[in-house]
Amino acid sequence: MSLSRILAALLIFLVVIGPISQLALAQQQAPPRDETVVIGGGMWSPPTNFNPLVPWAATTGTIGLIYEPLYLYIPNLNKWVPWLAASLPKWINSTTLEIKLRNAYWWDGQPLTSQDVKYTFYDLPKKVTSLYYSSILTYLIKVVTPDQHTVIFIFNKTTVNYPQMAYYLYSIPIVPEHIFAPVVDKEGNKVLQLQIIGASKPQDIVGSGMYKIYFTTSDTVYWVRVDNWWGKSVWGLPGPKYIKYIMVFSNQVALAMLLRGDLDWSNFFIPGIPQLVNKYSFLVTFYKHKPYYLPANVAYLFINDQKPPLNDPRFRQALFYAIDVNRIVNEVYGGAVLKSNAVGLIPIPGWKEYIATDLLEKYNYTYNPEKAKKLLDEAGYIDRNGDGWRDLPNGQTIDLKIIVPYGWTDWMQAAIIIADNLKAVGIKAEADFPAYGVYADKMYKGEFDLLINNFGSFVSPTPYTLYNWLLWQDAPPEGKYSWSGNFGRYYNKQVREILQEIAHTPLSDTAKLKQLYRQLEEILLKDVPYIPLWYNAYWFQATTFYWKGWPTENDPYGVPCTWQGRWQDGGLLVLLHLRPAKAPSTPTTTVSTTTTTSPITPTTTTQAQTQTTPSTPQQTTTAAATTPQTTTTIQGGVNPALIAGIIIVIIIIIIAVAVALRKR
């Protein structure tokens, strides 16, 4: 081949490949800023998993934006919002529940029918026995679908679990049977290992929700509004045409982006917000003043109830009196959270009627180190070897560790304060910060002394979900994984019986439920298996540079949360309420993303790190903080950098070949 022919071929190649590379670059362009709401605080790993059957691993928005639930539940209002359902659930009798559906349809045009609901709740857990809600089959006998818009659930009278079913009605997403069934029939339980079901890439997923995947990068997922969404005729369309959801690990970076106008909606825990929100008028939190945020869940001090001296109720009572929770509330959170009552029930509408206030007064668990010392002395926990620390009655030393994951700064500071409190009453204790994986392994296996956790304590229609997680009586022995709670292995036959009776009592029978919860709470106050510390918050900060319509105490239409599995608390309603705001050409505040401390110094600096914290559910990664980029590989799309590299390599090869031929 002559050199001229080689060069001609090269020219043709460049003419052909040029438009392709330009197309790839065009695909990578971010959508218009004024049509995009930028959100962060609920994504802690690259957005590659969109499997709704593993909600703890799926990218946030998978449940809610793609696959929708029957209902939303707004905990601060104790309000049910029919979503795919057309009306509130109707109990025909104590074992029969009827639900009517709206005229909804999937993105491929197929109608969303009662058969899809039946498949989701009944057929799917029968085929995928490892599904997280497969226990529903212990009390769900069958599902009847007399027509496309009517679903009738029929339960076993002796095993029905009313509070759990209520939770499932707004937490389980409805999936398309015509898409899922062939995959499930082929894969069985292995379907839980898939990252996408029924599609080869995220853009091709078939859902029913308001947004679908536009494209993804390694740290960002872009969503685009479904303008023919079935719900348009009910609610209209959401305000933002696009969503840009970012992955950020540094609270300093998140704060800088928020103040600079690069982040509209934040669900991060950001130190200093209580001061900033009163300084800058463009910053929005749910409450204008303390506590600023809505309560979301309960942070507990879990105790290893199988290990001396922690297996002694008197020692645990002393711990309760020794811990100064108000110090944690004020020093760590700046008053942005509330101290928990002694039974751990957040005073929200669905829970507060079950708080036994007279029992709280009777036991009176307040910060009282002198009372803690007295209880310890009376129980025989005194210094026996003269080293200044209390010992067991048999002379063995006491050396406790309080574990929380490294990088979860608020919990780290809280653990240090608790250790200080225990030392003040003579108990040797140290805060310990293992990597999240080590922490989780110790927690689930019950191999710890003390640890802080809140994973299963989210607000819900009934306190049962909290107490069943906290005291789950089927927890296996220490050393085996207890995925569903009761990490310290507290066992009590009476607790088991009470929890079972609560489960079998209709939610409408509030008189009986009050009696049952009172019995349970008296056991909690007497035995102190675990210590409720504070009400962890729905962290929410927003700006009005680009969007308005955020929920606040003056317009409390929903909870502005985008964490995994929490969009149905009100996040979907926020998207429907948002409307464009006139954005200044340059936001009035600029903050360098290279700062190493918050512009407003947190009230406590003990062991402060630059990573966000566990207040957002189950943060499991400790990757270095980076500002999100839009130049990384597009999941399921074309990577311009890769194309450019290929072009360069091909050009080099052609030139090399040409030179070699020329020499010949």
Side-chain angles (χ1 to χ4, degrees), residues 44-45 48-60 62-64 66-70 115-143 153 155-156 159-161 163-199 205-207 436-437 440-441 443-446 453 455-456 458 460 464-465 468-469 472-487 489 503 564-566 568 617-618 620:
W44 308 108
S45 59
T48 58
N49 193 318
F50 298 93
N51 186 340
L53 306 183
V54 286
W56 56 90
T59 299
T60 185
T62 300
I63 297 176
I66 299 177
Y67 304 101
E68 301 174 292
L70 292 170
Q115 185 58 39
D116 291 307
V117 178
K118 175 181 180 291
Y119 179 78
T120 300
F121 277 87
Y122 188 70
D123 299 328
L124 192 54
K126 287 185 72 174
K127 290 181 175 292
V128 183
T129 55
S130 298
L131 192 61
Y132 70 96
Y133 59 87
S134 60
S135 63
I136 194 174
L137 297 180
T138 61
Y139 56 89
L140 180 58
I141 297 175
K142 62 180 177 179
V143 178
F153 297 88
F155 303 100
N156 184 311
T159 60
V160 59
N161 190 319
Q164 188 178 68
M165 188 62 196
Y167 174 73
Y168 284 160
L169 288 179
Y170 72 92
S171 65
I172 293 178
I174 306 305
V175 300
E177 180 183 20
H178 67 288
I179 300 293
F180 275 56
V183 180
V184 170
D185 289 345
K186 178 182 178 181
E187 301 291 343
N189 281 315
K190 291 182 179 179
V191 74
L192 302 178
Q193 301 172 18
L194 301 179
Q195 294 195 327
I196 300 173
I197 296 179
I205 292 173
V206 175
Y436 174 82
D441 197 60
M443 177 177 70
Y444 290 125
K445 293 171 73 174
N453 191 263
F455 288 177
F458 266 92
S460 68
Y464 173 84
T465 53
N468 189 55
W469 167 75
W472 185 51
Q473 292 298 288
D474 290 326
E478 180 180 337
K480 295 184 178 180
Y481 290 97
S482 177
W483 301 112
S484 298
N486 193 11
F487 303 128
R489 274 58 173 184
Q564 290 169 316
R566 308 314 311 184
Q568 54 269 46
Q618 301 199 36
T620 60

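All values derive from a computational prediction rather than experimental measurement.
- The aromatic rings of F487 and W469 sit perpendicular to each other, their planes meeting at more than 60°, with 30° as the lower class boundary.
- With a 4.5 Å cut-off on side-chain heavy atoms, R489 and P476 count as touching.
- Looking only at distances, a side-chain donor or acceptor of T59 sits under 3.5 Å from a matching main-chain atom of N49.
- If you run side chain to side chain contact (heavy atoms under 4.5 Å, CB included) between I136 and each of Y122, F155, Y168, only Y168 comes through.
- The line from NZ of K445 to NZ of K480 is 11.5 Å long, rounded to the nearest 0.5 Å.
- Taking each heavy atom of P52 and P173 in turn, the nearest pair found is CB-CG, 4.0 Å.
- For the 3.5 Å distance criterion, the side chains of T129 and N189 qualify, holding a donor opposite an acceptor.
- If you take NZ on K118 and CD on E177, they are separated by 7.5 Å, rounding to the nearest 0.5 Å.
- Summarising the local packing, OH of Y170 is surrounded by more than 12 heavy atoms from other residues, nucleotides or ligands at distances under 6.0 Å.
- Here the side chains of L70 and I174 are in contact, with some heavy-atom distance below 4.5 Å.
- Residues forming a side chain to side chain donor-acceptor pair (under 3.5 Å) with T60 (at least two apart in sequence, or on another chain): W567.
- Contact annotation: the side chain of L124 approaches that of L53 to within less than 4.5 Å [non-hydrogen atoms, C-beta and beyond].
- No side-chain heavy atom of T159 sits less than 4.5 Å from a side-chain heavy atom of T138.
- Taking the six-membered ring wherever Trp is involved, the centroid distance between the rings of Y119 and F180 does not fall below 6.0 Å.
- Judged purely by atom type and a 3.5 angstrom limit, S134 has no side-chain atom pairing as donor or acceptor with the backbone of S130.
- Separation of atoms OG (S171) and CD (Q164) is listed at 9.0 Å; rounding is to 0.5 Å.
- Expressed to the nearest 0.5 Å, how far OH of Y139 lies from CE of M165 amounts to 6.5 Å.
- Looking only at distances, no side-chain donor or acceptor of N468 sits under 3.5 Å from a matching main-chain atom of S484.
- P182 and I179 get closest at one heavy-atom pair: CD-O, 3.5 Å.
- Proximity of V143 to V117: side-chain heavy atoms (C-beta onward) are nowhere separated by under 4.5 Å.
- To the nearest 0.5 Å, the span separating CD on Q568 from CG on L169 amounts to 12.0 Å.
- The shortest distance between side-chain heavy atoms of V175 and I197 does not fall below 4.5 Å.
- With contacts defined as side-chain heavy-atom distances shorter than 4.5 Å, the pair Q564/P55 does not qualify.
- Using cut-offs of 30° and 60° on the angle between ring planes, the pair Y132 and W56 is perpendicular.
- How far CG of N453 is from CE of M443: 4.5 Å, rounded to the nearest 0.5 Å.
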* **Trace of the side chain to side chain contact (heavy atoms under 4.5 Å, CB included) decision for Y481 with D441** => CA-CA 8 Å; Y481 290 97; D441 197 60; 2.4 Å; yes

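- A tilted orientation is assigned to the rings of F121 and Y133, their planes being inclined by 30° to 60°.
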